[in-house]
Structure formats: C-alpha cells, structure tokens
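By convention in this document, chain letters (A, B, ...) are assigned in the order of the sequence lines, proteins followed by strands, and residues within each chain are numbered from 1. All values reported here derive from a predicted model rather than from experimental measurement.
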Amino acid sequence: MNWRYFSTMKPRYEPQTFEEKWVGEWEAAGIYQAADKPDPARKRFVMEMYPYPSGDLHMGHVENYSIADAMARYWRMRGFEVMHPMGYDAFGLPAENAAIKRNIHPREWTDRNVEFMRSSFRRLGFSYDWNRELITCDPEYYRWNQWIFLKMRERGLAYRKTSPVNWCPVDKTVLAKEQLSTGVCWRCGSEPEIRELTQWFLKITDYSDRLLDEMEGLRWPESILNQQRHWIGRSRGAEVVFQVKPKNTEETIEVPVFTTRPDTLWGATFFVLAPEHPIAEQIAAGTEIEESFRSFVDEVKKQTQVERESGEGTRKGFALPAVAINPVNGEEMPVWSADYVLMGYGTGAIMAVPAHDQRDFEFARQHGLPVTVVIQPEGETLVGEDITEAYSGPGVMVNSGPFDGTVVFPETQDGVDRVIDWLTEEGRGKPSINYRQRDWLVSRQRYWGTPIPVIHCDQCGEVPVPYEDLPVRLPDEVDYSVEGEEAASPLANNPDFVNADCPQCGRAAKRETDTLDTFFDSSWYFLRYCDPANDQEAFAPEKVASWCPVDQYVGGTEHAVMHLIYARFFVKVFQDMGLLDFPEPFLSLFNQGSVSLGGAEMSSSKGNAIDAAEVIERYGADSARTFILFCSPPAADYDFPADGMDEIGRVAHSWLSRVWRVLSEVSQESAAASLEVVVNRTVKVVTADMEESGFNTAIARLMELVNEFSKLDGPVPRSAAETFLKLLAPIAPFITEELWRGYGNETSIHSEAWPSYDETLIQQESVTMVVQVNGKVRERFQVAPTITTAEMEALALQSERVKAHLDGSPKKIITVPPRLVNLVV
RNA sequence: GCGGGCGUAGCCGAAUUGGUAUAGGCGCCGGAUUUAGGAUCCGGUGGGGAAACCCAAUGGAGGUUCGAGUCCUCUCGCCCGCACCA
C-alpha cells in the first residue's frame, strides 16, 4: 500500500514556493544556535572568512559559504555542537570610495550592504547563528580594537617611527609591506611612492620565530605554509664587521655585514653599500665625487620596483673613495655603492664574493672587478677569470687560510658553522639570524576605520586615551576634500575630533588622526564570535577557551601572508597576555578554488558574473548550492561556460527536479534486501566523501542512488528515501526539509542524526572479479567479497576465454582478493 | 630565477592510494511518451567489426613492477605565489 504524502502536491519542483518558509522556521526553532559552553569533546567551530559587505553576491561568493555550510551541517548531524557564525568586515576603503562617489555617508552605504548580504545569506539557507553576528564598524566592536591597541602599546608592541614607507597615491594612504603584491598596491594596482613618514607599527617581528616554528602542526595547504615561511624569511648566518677607510680621512668606520656564507669570506673582492646607506653619503661628503654620487643615488631612488625588474641584467654601481678591510685576512678591497644592495635587508651593506654569489658575479664582470674562487666543487677546478657563473654548491675551501681543505655543504650548514664558531672566538664576527619580515604598518590616512586612541600633547608627548574613555568614536561629519602636502587623514579636517584635552596634564592637545588598517579588525574577530555582546571586555576568556581554536576555517588564498599571519600574531600576543592558552587560531584551513566566468575573474562591477539572486529566482537556493558544490572539487578552480546560468539549470535544477519527482511519493513497505545494500553502500561512501570535503563526489554518489530509485517498480520505500534525504541535507537544505516534512516528520531534518551503515550488509554485495592474462583483462566474474584465493584461482583457470590466452599453465599467479587474478605466462 | 600545483573523453571531472581507467554530470546520437516542448523516461556515446572478439589511450619519452593515471628519471605545456633577501 502506498501513500501519496502531498495532498496538494505540486507535480513540478518549484523551490520558490517553499524555500523562504523554512528559513523562518529554522530560526524560530533556534536549531543553529550555539551554546556558550559546548561539550569540549564534541564541539566544532566552523567559519569562513567574513566578507566585505558589498552590494552584490555572485556564484564565486556562494562557493565559499556553501562549502563551510555543508561542513557545519554535516558535523551537526554527526552529533557535534557546531558554532557557525557570520560577520562583516565593514570598515575600509571601498565603503569610503563608494560613499565619496555617491555623496552619501560610508555608514549608510555599509548598512545597506550589510542588510543586503544578511538577507542573501538567509535566503541561501546558510546555517549561521545570527545571535553572534558582528559588524566591525560598530563602536561596540572597534572599541576593543582600541583596547587591544593600547594593551599592545603597553607591551611595547605598538610604536610610532619615522621611516620610508609605501604610499599609494590613488588610495591616498600608506600600505603595509604585505599589501604590495608584485610591487603594486593590492587594491588598486597603482605604484606606490616612497615617502618618509611617521607611522604606527606593530612589532610582529618579535614573533617571527614563533610564527615560523608553531605553524608545524597546522592542517593547512602546504602552499600557504610555504608562502608564510618565505614571507618571514628566516636565514641563519653571521654578522661580520669590516673596517671601512674613507680616502680623505684617517678615521675608520666599522660597518657590519650580514652573510649566510661566512665560509666564502676569503673570496670577498669588494664591498658594497646600499645607495641609501648613511655611510655611503658620509664617504662621499666633501669629496669631488659628492655631486655625481648624489645624482647616482637619485637615479636609483627614482626607479620603482617594477622598473628595477625590467632593467634586469644591468647592475648600476658607483665606486666610492674608500677601502674596506677584510677581517679574516686584512686585505683591502674597493668600496662600491650599487642598486642591487637594499637598505631594507640585513645591514644594508655586503661583502661581495663574486665567485660564489651570482649577483656579485654579474656586478664584478660588468665593472671589471676580480673574482677569487674559494670553494672548489668535487672533481673540478674553477678559475676565477674563466667561470661564467657563480658557484654556490658544496665543495672544499681553498685560499682560505686556516680553513683550507674544509668541506662545506651550504644546504646543511656543514662546515659553515665551523667558520662562524671561529669568527666568534676571534672576535671578528658572531652568529646572526635575519628575517625578511618587517613590522606591520597599521596606520592609515583614511576616515572609515578605527581611530587610533592616542592624544598628542606638546607637554606630555604621546598619551594613550584612558581605557574608561573608550571608544574613541568616529565623528559623523567628514570632509575628505582638503589635502595638504603631508599625507593626512580626513579626520585631521575635523576640529571637533582633533582638539582634545591631554588626559595627563589637561592642556589642549590633538588627537591622532590616522585610523587602523582593517586587517586589525579581522585579526581577532573569531574570538569575538565566542562572546559577541560582551561590553566589559573584548571577550570572556572562558568562552573563548570553550570554543577556540577554530576547528575549520574556509577561505581563499589571497590572504596567505596578510590576514592569516596577522591573526596568528594576535593570538600569540593574547596568549602572552594570559587571555587564552592556545598558540594558533585556525587548526584546519580549507582554500576553495576560484570561480570564473569565460576565463575571467567573476566581477559584478565588470559585468562578468553570475548573480546569486538571479540564480535563486530562476532555480532556487538549493540549485545554486548544489551546482557550485558539484561542478568541480571544492579546492579546484572552476570556470563557468558562457551560458553558465543555463548550465546551473541543466545540471542542478534538473537533478533536484528528478529528486522531487522520484521522492514525492514513498511507500511504507520496507526496502528489498538489494536496495538496502545499495543504500548502505551509499551511506558509507558519502560519509567518507563528506569527511574529506569531497562534495562533488558525494553528490555523484547520491545521483547514482537516485538512478537506482528510479529503476524500482513502485515508489521508493520511506526508510530509503529518508536516508537519502539526510545525506543530501547538508548540501540542499530546503528540498530535503520540504520532502522530509511532507512524509509527516514533525521536526527538522537538520536536527536528525547522520545515517549509519551496516558493513555486513555491504559485504553481502557481489563484486566483480577480473582475470588478467599478462596484465590484460580477459574475463570477469561476479563473486562474493569473501571469496578465497584458491577459489579465485580455480575460477580463473576454468574460464574458456582465459584458456584461449593461456599456452599451458601459467608461470605465476597473482591474486588480490576479491578483485583480481593475474596470470603470468 | 626560486617555491607550490596541475595535465585523464568534445567539456566539468571519478579512480579504495600500485590492482576492472574513464564513476557522476554536461553535450551529442537514437528510441519512447506528449497537442507541443529547450519537459520527462529509457538506451547509446574511444576506434574497428554483423557478432564473438580485437586494438588503442591518462601531455610526451624512458624506467621499476606480474601489474603504473598513481612510483622514479628526463621532457613539453599551463596556472598560482615570491621577486636582487646577501
């Protein structure tokens, strides 16, 4: 006997008629709300990188959230307490630029977009705990930015210094080193100018070693870890002091150099100072080359990074009137200034060993400087005049005084360390470690950000705003127009904001007018999710302790050395402050692939996007989600065909329609044994797929099961149908709920337990055994999975088809129960 | 140049990690049903053959192995990240 469960059943799948209804019901039932104190053994903190609130949402965005939501829903069904929050990275340049362009306030623009994003996310059925939503431009959020900033300042981790910094002329603000991609501004692509400015920095370099060493246990894509390792760029070597003698004076100047190859010290044939090096200027000062040197420096400075790259091969140099003394053998060598030596790395000065460093080699050949070989590779004798490139591999030290005959392996430091020890004993040098990473420049000359809570007083200097006065609120009035010679924030135009009393002496003083980089906001928002309404502290340590660290983080690769390093840094600082007791914020990181359309990056503003709202309107939210999870492995890139919108209809909507047709009507009869086996096997493989985030293959398995269902004579047995719906629920939450409730279930499918499977049932299924002769398949049998080796061999040898390829008895028989027999003749 | 990754059907992609290559889907071809459909259902879809059956193929060339998409060597092509880091 069959039941038709839908008295008013619509024959067609029309998701628009029921999807929205469930959003409200789920929220009313509170099924996605996370407790403050979960069972620590059964908790999962799942989150995606929170979005910048923009006014549109396309299928590229949908992928990120669909992946995380499928994970969150799966784990919830697996019995975990799941926290899956959402928030908005609501400060920042785009809001300000858009506001200027449209002549509205950034807050208005932002609020509108937040409202749009929130309703889009609800419509897509993402299982967020909306009670934890946060918006970073909310004073109740950014006051804790200010609190953290002041705490860091107390610990000496936030400080101001004057230095050459990158200033983007289009965005009209300074940039952190991390925000230059290939030498240009990461947002707008313009070439930055170098300006000498006083800026706020965070001392992230104090944490370089921990950032490097503590990443080891993270379940992150190797490429991200590698990018971070390279970004931090720790290199071990020695610092060696050279005596530099300008020709026009008797005095000598001590100039330290950093080298990773102190074993090549005896091969140093010249000495190079960066053009910006103050000692280079000192040497030139008052000599006849002073003018020409200055124009050389100007010429080098004029070059941007991009130009320096294009001018590859020519190494500009300037011979300075000085000699340097090699501390290992007392030999004099000429002193040069050259563009390839950077002031920003090491000490800004190098010993040049052209025989063993390619850059030094090129410079030496171009400027006629000597090349002395001091490392001979095995089985070869290099001659300085003849070689055509530097040799940097392992070998035996020669012409190296006490170290002649020492074998060195630069890769492993073998031999090199002996030289460092010797230098240290002799007082000529010491071990040294250098980092590529620089301190994080966090001040920005923009309005729409967190005001830096500092007051500048003529009497007292730099005075922190007292904690009880936080937050320092952004004023509503803003005048972006005025721009002086000095890079200044629009806040500087607002006298009501700027003028303040010094908290220490009470006299008239001026507020800091720069705001914080928005990466400051995102460095700790995951902690705030644990305690979003706390007005006494940034977060209650016990709440963070019960949910953090984040178990699964989902996002793109673009933040490899920005957000993902900054957040790690903050957590380590909080650990030192005793606010939490774990070293790393994100245990597992999943990078979704990029989504493009017709080979070009999806972008609504460029008119090259598949709009999520349009997909929902035409096919429903489930189709959007199912398509994006099915079209390719979630970590792989996917390029939509030109008719991408139709493709979603052909693939996802038509399959869900089929699901609808096949499962609208179910039978109360129990499933036949053969169907039970198929269902159990499906549970097994889909579970394995979900564990590995293999959503595309999970959907493929579910498609196979639907194909099986449709081969049945009558309606699908209810138990089988419900198992299927549970497996599909994390991916397509609406259709599964609609059908599930249609069967008469009174509570949500999303609160159901994930189906289990019976392995013994799966073992009853016959499998195909193949018989190969010399590796070629000649016969197949359906056999029980429990078949023995002897049975397999017997079966194989009795086959006529096999005998036809056999000339006598096989030399060797390989069996792999229960799948394969290979006969070797 | 350095680091990471990829190359399987016309297209997106599977392949228990060394064991039936091409699951699932799109597209295409054929059939059924329908007043009609760009709907639905069924079947086919590397090549040859009526069929039994035979042969080829995972960018290319070698190698290890009873057996290689998977491991090794070389090579070609593409994508991403970093750019003189001493």
Side-chain angles (χ1 to χ4, degrees), chain A residues 11-12 181-183 221-227 229-231 233-235 237 257-261 264 272 274 305-306 308-309 311-313 315 338-342 344-353 356-360 362-363 434-437 557-558 560-561 593-594 627 630-633 635-641 643 646-647 649-652 654-655 657-658 661 684-685 688-689 694 696-704 706-707 710-711 767-780 801 804 810-817 819-825:
Chain A
R12 290 174 62 95
S181 65
T182 328
E222 196 53 38
S223 68
I224 300 278
L225 295 176
N226 271 330
Q227 281 183 61
R229 282 186 198 108
H230 177 250
W231 186 261
R234 178 167 63 193
S235 48
V257 302
F258 172 72
T259 176
T260 55
R261 294 294 305 276
T264 64
V272 190
Q305 272 199 41
V306 179
R308 279 201 189 183
E309 282 165 46
E312 203 179 334
R315 301 198 172 279
D339 61 353
Y340 75 96
V341 175
L342 310 172
Y345 185 81
T347 62
I350 63 157
M351 61 165 195
V353 185
H356 305 292
D357 180 283
Q358 185 61 20
R359 294 154 302 179
D360 296 342
E362 286 165 17
F363 190 84
N434 243 274
Y435 300 88
R436 201 182 98 102
Q437 186 177 37
T557 58
E558 63 273 20
V561 296
S594 69
F627 181 84
F630 178 68
C631 63
S632 78
D637 295 345
Y638 177 73
D639 186 44
F640 269 95
D643 65 340
D646 293 337
E647 181 80 354
R650 281 192 296 265
V651 175
S654 62
W655 181 64
S657 301
R658 184 170 155 93
R661 281 189 303 274
K684 182 180 179 177
V685 295
D689 286 339
N696 59 325
T697 49
I699 294 168
R701 300 305 169 201
L702 293 171
M703 287 174 166
E704 288 182 275
V706 171
N707 291 345
S710 67
K711 283 181 199 159
V767 297
T768 305
M769 173 191 116
V770 298
V771 184
Q772 297 180 333
V773 178
N774 282 345
K776 285 192 175 176
V777 178
R778 299 298 181 186
E779 180 67 291
R780 290 160 208 268
R801 282 189 248 196
K811 267 195 266 180
K812 196 171 169 186
I813 303 177
I814 291 117
T815 56
V816 183
R819 280 191 303 274
L820 176 136
V821 177
N822 189 13
L823 306 173
V824 185
V825 297

Taking the C1' atom of each, how far is B:rU33 from B:rC41, in whole Å?
8 Å
Is A:Tyr435 touching bases, backbone alone, or none of the nucleic acid, heavy atoms closer than 4.0 Å?
nothing
For residues A:Ala338 and A:Phe363, report the shortest heavy-atom separation together with the two atoms involved.
CB-CE1, 3.6 Å
Side-chain donor/acceptor contact of A:Arg12 with base of B:rU40 under 3.5 Å:
no
How is A:Gln227 classified with respect to the nucleic acid when contacts are heavy atoms under 4.0 Å: base, sugar-phosphate, or nothing?
sugar-phosphate
Taking atom P in both B:rA15 and B:rA52, compute the distance separating them and give it to the nearest angstrom.
31 Å
Short N-O contact, A:Asp643 and A:Arg650, less than 4.0 angstrom
yes
Using the P atoms only, state how far B:rG5 lies from B:rA68, rounded to an integer number of Å.
25 Å
For B:rU40, the Watson-Crick or wobble counterpart (both distances under 3.5 Å)
B:rA32
Is the shortest side-chain N/O distance from A:Tyr345 to OP1 or OP2 of B:rA86 below 4.0 Å?
yes
What interatomic distance, in whole Å, is found between C1' of B:rG69 and the corresponding atom of B:rC6?
13 Å
Any idea which of B:rA14, B:rU40, B:rA21 is nearest the A:Val777 side chain?
B:rA21
Of the listed nucleotides B:rG19, B:rC66, B:rG24, the one nearest the side chain of A:Phe630
B:rG24
What's the closest nucleotide to the A:Arg701 side chain, out of B:rA23, B:rA86, B:rG24?
B:rA23
Contact class for A:Thr768 (heavy atom, under 4.0 Å): base, sugar-phosphate, or nothing?
base
Mind checking if A:Arg780 touches a base, just sugar-phosphate, or nothing, with heavy atoms under 4.0 Å?
base
Checking A:Arg315 against A:Tyr340: charged group under 6.0 Å from the ring centre and within 45 degrees of the axis?
yes
Of A:Asn707 and A:Asn226, the one whose closest nucleotide on RNA chain B sits nearer the 5' end is A:Asn226
Mind checking if A:Pro221 touches a base, just sugar-phosphate, or nothing, with heavy atoms under 4.0 Å?
nothing
So, does A:Thr697 get its side chain near the phosphate of B:rG13, meaning an N or O under 4.0 Å from OP1 or OP2?
no
Can you check the distance between B:rU73 and B:rC54, where both ends of the measurement are the C1' atom (answer in whole Å)?
34 Å
For the residue pair A:Met351 and A:Arg261, what are the closest heavy atoms and their distance?
CE-O, 3.7 Å
How would you label the contact of A:Lys711 with the nucleic acid (heavy atoms, under 4.0 Å): base, sugar-phosphate, or nothing?
nothing
Using a heavy-atom cut-off of 4.0 Å across all strands, would you classify A:Asn774 as base, sugar-phosphate, or nothing?
nothing
P atom, B:rG43 versus B:rG62: distance in rounded Å?
42 Å
Please pick, from B:rC12, B:rU40, B:rA86, the nucleotide with the shortest atom-to-atom distance to any side-chain atom of A:Arg661.
B:rU40
Out of B:rG13, B:rC55, B:rC85, minimum distance to the side chain of A:Arg778 belongs to B:rC55
So which nucleotide does B:rG10 pair with, by the Watson-Crick or G-U wobble rule with both distances under 3.5 Å?
B:rC26
Does a salt bridge link A:Arg701 with A:Glu704, judged by any charged N lying under 4.0 Å from a carboxylate O?
yes
Within the structure, does a side-chain N or O atom of A:Asn696 lie under 4.0 Å from either OP1 or OP2 of B:rA14?
yes
For A:Arg436, answer base if it contacts any base atom (sugar-phosphate contacts may also be present), sugar-phosphate if it contacts only those atoms, and nothing otherwise; contact means non-hydrogen atoms under 4.0 Å.
base
Within the structure shown, what part of the strands sits under 4.0 Å from A:Ser710 by heavy-atom distance: base, sugar-phosphate, or nothing?
sugar-phosphate
Rounded to whole Å, please give me the gap between CZ in A:Arg658 and C1' in B:rC42.
10 Å
So which nucleotide from B:rC82, B:rU40, B:rC84 ends up closest to the side chain of A:His230?
B:rC82
Out of B:rC84, B:rA56, B:rA14, which has the shortest distance to the side chain of A:Lys776?
B:rA56
Which value, in whole Å, describes the distance between the C1' atoms of nucleotides B:rG59 and B:rA50?
37 Å
Any base atoms under 4.0 Å from A:Glu647, or only sugar-phosphate, or nothing? Heavy atoms, all strands.
sugar-phosphate
According to a strict under-4.0 Å criterion, is A:Arg359 in side-chain N/O contact with OP1 or OP2 of B:rC85?
yes
Go through the N and O atoms of the side chain of A:Arg801 and the base of B:rC53, and report whether any donor-acceptor pair is under 3.5 Å.
no
Candidates B:rA83, B:rA86, B:rG27 - which lies nearest the side chain of A:Arg650
B:rG27
Between A:Thr697 and A:Asp689, do the side chains contain a donor N or O and an acceptor N or O under 3.5 Å apart?
yes
A:Tyr340 side chain: which of B:rA23, B:rG4, B:rC84 is closest?
B:rC84
Would you classify A:Asp639 as touching base, sugar-phosphate or nothing, given that sugar-phosphate means primed atoms plus P, OP1 and OP2, and contacts are heavy atoms under 4.0 Å?
nothing
Rounded distance in Å between the C1' positions of B:rG7 and B:rU75
14 Å
B:rU17 glycosidic torsion: syn (within 90° of 0) vs anti
syn
Indicate, with a heavy-atom threshold strictly under 4.0 Å, whether A:Arg234 touches base, sugar-phosphate, or nothing.
nothing
Give A:Val651 one of three labels, base, sugar-phosphate or nothing, depending on what nucleic acid heavy atoms sit under 4.0 Å from its own.
sugar-phosphate
